[in-house]
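Right, one structure below, let's go through it.
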Amino acid sequence: DTEVTQTPKHLVMGMTNKKSLKCEQHMGHRAMYWYKQKAKKPPELMFVYSYEKLSINESVPSRFSPECPNSSLLNLHLHALQPEDSALYLCASRLFGSKDEKLFFGSGTQLSVL
Amino acid sequence: GIQVEQSPPDLILQEGANSTLRCNFSDSVNNLQWFHQNPWGQLINLFYIPSGTKQNGRLSATTVATERYSLLYISSSQTTDSGVYFCAVVGTSGSRLTFGEGTQLTVNP
């Protein structure tokens, strides 16, 4: 299994809604990431979890709340988002601490905030 | 932080043509990866190549770390090669993957 699975694929939410994005991998990877990508731009790092602990928060607004329940799962809880938060949200994972540091991405959640 | 420049920004090819994409970086790196993002948004890892040469089918990559550049070669291009190609690096003094702005490749039938 070499996949990172993200759900849902598409999400439309109002500014007062609460929703969650989910990410799952079964490759034994111990580093997991959330990225945000706007159209025609490269991905921007939001959060990194290493061994289920938050190791990097790139000064992301508190309306985005990450959670890593176990080594295979990563969630991103969304609350009171703004229209400018509309973007493709990508989850990624890597083995961590190996010679081959390839980063594997999920297919993303396309988020629209109305 | 480290700077990553990719060229060309846009490239249009006819099916069957060959192409070379370039990635320049401003400092020493211990991690360099090439990704392909297809038109549906999926980012596929093509190569992990901080130095040396690798080949995978019609794709190959070479990184000359001492001269701070990497090249991605696509031979006999197909329409399914269309999309954005990103180079991303981690500098030896850093910990985060820094992406270039990408090369938008369009392969016409």
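A quick note: this is a predicted structure, and the numbers were derived from the prediction, not measured. By convention in this document, chain letters (A, B, ...) are assigned in the order of the sequence lines, proteins followed by strands, and residues within each chain are numbered from 1.
A continuous path of ILVMFWY side-chain contacts below 4.5 Å connects A:Met32 to A:Tyr89, so both sit in one hydrophobic cluster. Linking Ile, Leu, Val, Met, Phe, Trp and Tyr whenever their side-chain heavy atoms come within less than 4.5 Å leaves B:Tyr48 and B:Val90 in two separate clusters. Under the 4.5 Å side-chain heavy-atom criterion for ILVMFWY residues, a single connected hydrophobic cluster contains both A:Val113 and A:Leu78. When the side chains of ILVMFWY residues are joined at heavy-atom separations under 4.5 Å, either directly or via intervening members, A:Val60 and A:Leu76 end up in a single hydrophobic cluster. No single ILVMFWY cluster, assembled from side-chain heavy atoms under 4.5 Å apart, contains both A:Leu21 and A:Tyr33.
The CZ atom of B:Arg96 lies 4.0 Å from the CD1 atom of A:Ile56; values are rounded to the nearest 0.5 Å. Between the CG atom in B:Leu43 and the CZ atom in A:Phe104 there is a gap of 12.5 Å [rounded to 0.5 Å].
Looking at every heavy atom in both residues, B:Asn45 comes nearest to A:Lys102 through OD1-CE, 3.5 Å. The shortest non-hydrogen separation linking A:Pro42 to B:Gly100 is CB-O, 3.4 Å. Between B:Gln33 and A:Leu103, the shortest heavy-atom distance links the atoms OE1-N, 2.9 Å.
With sequence neighbours excluded, the residues satisfying side chain to side chain contact (heavy atoms under 4.5 Å, CB included) with A:Gln37 are A:Pro43, A:Leu88, A:Leu90, B:Gln37, B:Phe86.
Within residues 12-20 of chain A, no residue has any heavy atom closer than 4.5 Å to a heavy atom of chain B.
Residue B:Leu32: no heavy atom, backbone or side chain, is found under 4.5 Å from chain A. There is no contact between A:Gln110 and chain B, counting heavy-atom distances below 4.5 Å.
For A:Glu58, the CD atom is densely surrounded, since the number of other residues' heavy atoms within 6.0 Å is greater than 12. Within 6.0 Å of NZ in A:Lys38 there are more than 12 heavy atoms belonging to other residues, nucleotides or ligands.
Between the side chain of B:Gln42 and the backbone N or O of A:Phe105, at least one donor-acceptor pair lies under 3.5 Å.
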